[in-house]
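Report on the structure given below.
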There are 2 protein chains.
Amino acid sequence: MNQVRQASDENALKGTTYTIGELAREFDVTTRSIRFWEDQGLLSPIRIGSKRLYRRRDRARLKLILRGKRLGFTLSEIRETFVLYDQAHGESRQLRYYLGVLEEKRRQLMRQRQDLEDALDELSQSYEHCRQLLREQEERETSTNESVSNG
Amino acid sequence: MNQVRQASDENALKGTTYTIGELAREFDVTTRSIRFWEDQGLLSPIRIGSKRLYRRRDRARLKLILRGKRLGFTLSEIRETFVLYDQAHGESRQLRYYLGVLEEKRRQLMRQRQDLEDALDELSQSYEHCRQLLREQEERETSTNESVSNG
DNA sequence: GTTATCGTTGACGTAAACGTAACATATAAA
DNA sequence: TTTATATGTTACGTTTACGTCAACGATAAC
């Protein structure tokens, strides 16, 4: 009877839920990582019996986690944004505080963007320089071949 | 006599050299970190006696290290770029390989830029939403005050 | 001359972010 | 029914990137 109940619960949620394995495959992370992020308060899937079930909201958060990590944020920084976002529907003092945090995050991201543009600039300079060297190399090789075939 | 020799060496390099402490203050990092990055092959200052002396090239690398870190690269990834850059004046095979690596780095940075733009977009949406809520709050408070002063 | 400052090496400690191993349970497939 | 596969918990291991002493040498300031 318990098992029947569980099955119907699962069916009632079907279509917008994922197992831990599905998410792990989709985003190419280990299930261990997903559970770890839950431990750290970044995810809160519902439970069907002992199993975790992830809904759209959890999936969205997973995306945010991965993006945050790619941008070099720590897990606790990422969690902080979640917590703030959840709390930001309260009184004006909370809202003001949240606005301040958002501005700080923005400054951080803007700085990162500048770093990124600088890095991309330097990269394309290196690229051009490298191609130039390569052209010179190939010219030399060509002329060597000619002198060989002419000799 | 040894000491006199050292002093003149230092003078001969003056104007474009830095001590470890100077760099640490300028970039707001610890001397421990700077020595650690040297251990990891990211820096190679010259020695005057037992002391390290950093030249313009070292300072430039320090900047690159810090930028790389802000962008979320590991120390070995950063070192890799240094090594490649130093080797990239060789034969055409090396050059081709280097070009490939550069393209890979570029893809990585482009992805990061996309992440960054996405994050900035969401951030400003949050920001606007938050300000909207705040305006509503304040309107309510104002009307409350009016009804008080009118009562 | 000693006190303070700056620098050196070396060893050990630590927080973050997982990986790995061990073992249990549950469900699907053969 | 056995086997394979997915999932769960717990505990310990590992890597990265430093921090934190400790113990010492050289140099400048008083």
Side-chain angles (χ1 to χ4, degrees), chain A residues 1-11 14 17-54 58 62 64-80, chain B residues 1-11 13-14 17-54 58 61-62 64-80:
Chain A
M1 163 98 182
N2 248 340
Q3 315 222 350
V4 174
R5 181 60 174 281
Q6 282 187 19
S8 72
D9 279 356
E10 287 189 38
N11 284 333
K14 263 288 170 56
T17 64
Y18 314 85
T19 69
I20 193 169
E22 285 168 359
L23 288 183
R25 268 185 300 275
E26 176 176 1
F27 294 105
D28 194 28
V29 298
T30 66
T31 58
R32 177 69 182 86
S33 299
I34 296 180
R35 286 189 211 103
F36 180 74
W37 297 332
E38 180 181 346
D39 276 358
Q40 303 301 307
L42 295 173
L43 293 172
S44 40
I46 58 177
R47 294 283 185 139
I48 301 295
S50 72
K51 288 188 184 169
R52 296 162 170 84
L53 252 195
Y54 300 81
D58 301 306
L62 226 177
L64 291 176
I65 292 171
L66 294 176
R67 195 181 65 194
K69 284 174 62 57
R70 283 196 301 271
L71 291 172
F73 292 105
T74 67
L75 292 186
S76 46
E77 284 171 325
I78 297 170
R79 178 183 48 219
E80 206 186 333
Chain B
M1 163 96 179
N2 249 341
Q3 316 221 349
V4 175
R5 180 60 172 283
Q6 281 188 20
S8 71
D9 279 354
E10 286 191 38
N11 285 335
L13 294 166
K14 263 285 171 56
T17 64
Y18 314 84
T19 69
I20 193 170
E22 285 167 358
L23 287 183
R25 269 185 300 276
E26 176 175 1
F27 293 105
D28 194 29
V29 296
T30 65
T31 58
R32 176 70 182 87
S33 299
I34 295 180
R35 286 191 211 100
F36 181 74
W37 296 333
E38 180 181 344
D39 276 359
Q40 304 301 306
L42 296 173
L43 293 172
S44 41
I46 58 176
R47 296 283 184 138
I48 301 297
S50 73
K51 288 186 183 169
R52 293 164 171 84
L53 251 195
Y54 299 81
D58 302 305
R61 288 209 159 180
L62 226 177
L64 290 176
I65 292 171
L66 294 175
R67 194 181 67 193
K69 283 174 63 57
R70 282 195 302 272
L71 290 173
F73 292 104
T74 67
L75 293 186
S76 45
E77 285 172 324
I78 297 171
R79 178 185 47 220
E80 206 186 332

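Note that this is a predicted model, so its numbers are computed, not measured.
- The listed nucleotides are dC18(C), dG8(D), dG7(C); the one nearest the side chain of W37(A) is dC18(C).
- If you measure from atom CD1 of I34(A) to atom P of dG19(C), you get 11 Å, rounded to the nearest angstrom.
- Separation of atoms CZ (R70(A)) and CZ (R67(A)) is listed at 8.0 Å; rounding is to 0.5 Å.
- The two residues I65(B) and I78(B) come nearest to each other via the heavy atoms O-CD1, 3.7 Å.
- Contacts of residues 69-79 of chain B with DNA chain C (heavy atom under 4.0 Å): none.
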For a side chain to side chain contact (heavy atoms under 4.5 Å, CB included) check, start with the C-alpha distance between L62(A) and L66(A), then their side-chain angles and the critical distance, and finish with the verdict.
CA-CA 6 Å; L62(A) 226 177; L66(A) 294 176; 4.1 Å; yes

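- Taken to the nearest 0.5 Å, the CD atom of E22(B) stands 7.5 Å off from the OG1 atom of T17(B).
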Sequence neighbours excluded and cut-off under 3.5 Å, please list the side-chain donor-acceptor pairs for residues 33-43 of chain B, or say none.
{"unit_1": "S33(B)", "atom_1": "OG", "unit_2": "T30(B)", "atom_2": "OG1", "d": "2.9"}
{"unit_1": "E38(B)", "atom_1": "OE1", "unit_2": "R52(B)", "atom_2": "NE", "d": "2.6"}

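- R47(B) comes within 4.0 angstrom of sugar-phosphate atoms only, judged by non-hydrogen atoms across all strands, and of no base.
- The separation between D39(B) atom CG and dT16(D) atom C1' is 14 Å, rounded to whole Å.
- Here dT7(D) presents its P atom at 14 Å from CD1 of I48(A), a figure rounded to the nearest Å.
- S50(B) and R47(B) get closest at one heavy-atom pair: O-NH1, 2.8 Å.
- Distances shorter than 4.0 Å separate none of the side-chain N or O atoms of R52(B) from OP1 or OP2 on dC6(C).
- L53(B) and P45(B) get closest at one heavy-atom pair: O-CB, 3.3 Å.
- The CG-P distance, from L23(B) to dC6(C), rounds to 15 Å in whole Å.
- In terms of phosphate contacts, S50(B) brings no side-chain nitrogen or oxygen within less than 4.0 Å of OP1 or OP2 of dA26(D).
- Distances shorter than 4.0 Å separate none of the side-chain N or O atoms of T19(B) from OP1 or OP2 on dC6(C).
- Between R35(A) atom CZ and dA11(D) atom C1' there is a gap of 14 Å when expressed in whole angstrom units.
- Where T31(B) and T30(A) meet DNA chain C, the nucleotide closest to each residue was compared, and T31(B) sits on the side nearer the 5' end.
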Could you please spell out the steps behind the side chain to side chain contact (heavy atoms under 4.5 Å, CB included) verdict for E26(A) and L23(A)?
CA-CA 5 Å; E26(A) 176 176 1; L23(A) 288 183; 4.1 Å; yes

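- Distance L42(B) CG to dA17(D) C1': 11 Å, rounded to the nearest Å.
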Heteroatom pairs (N/O) under 3.5 angstrom, protein to nucleotides 21-24 of chain C:
none

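- The distance from the CZ atom of R25(A) to the OH atom of Y18(A) is 13.5 Å, given to the nearest 0.5 Å.
- Rounded to whole Å, the distance from CZ on F36(A) to C1' on dG8(D) is 17 Å.
- Put simply, S33(A) has a side-chain N or O that comes within less than 4.0 Å of OP1 or OP2 on dG19(C).
- Whole-Å rounding puts the D28(A) CG to dC18(C) C1' distance at 15 Å.
- Taking the side chain as every heavy atom from C-beta outward, K69(A) and L75(A) approach each other to under 4.5 Å.
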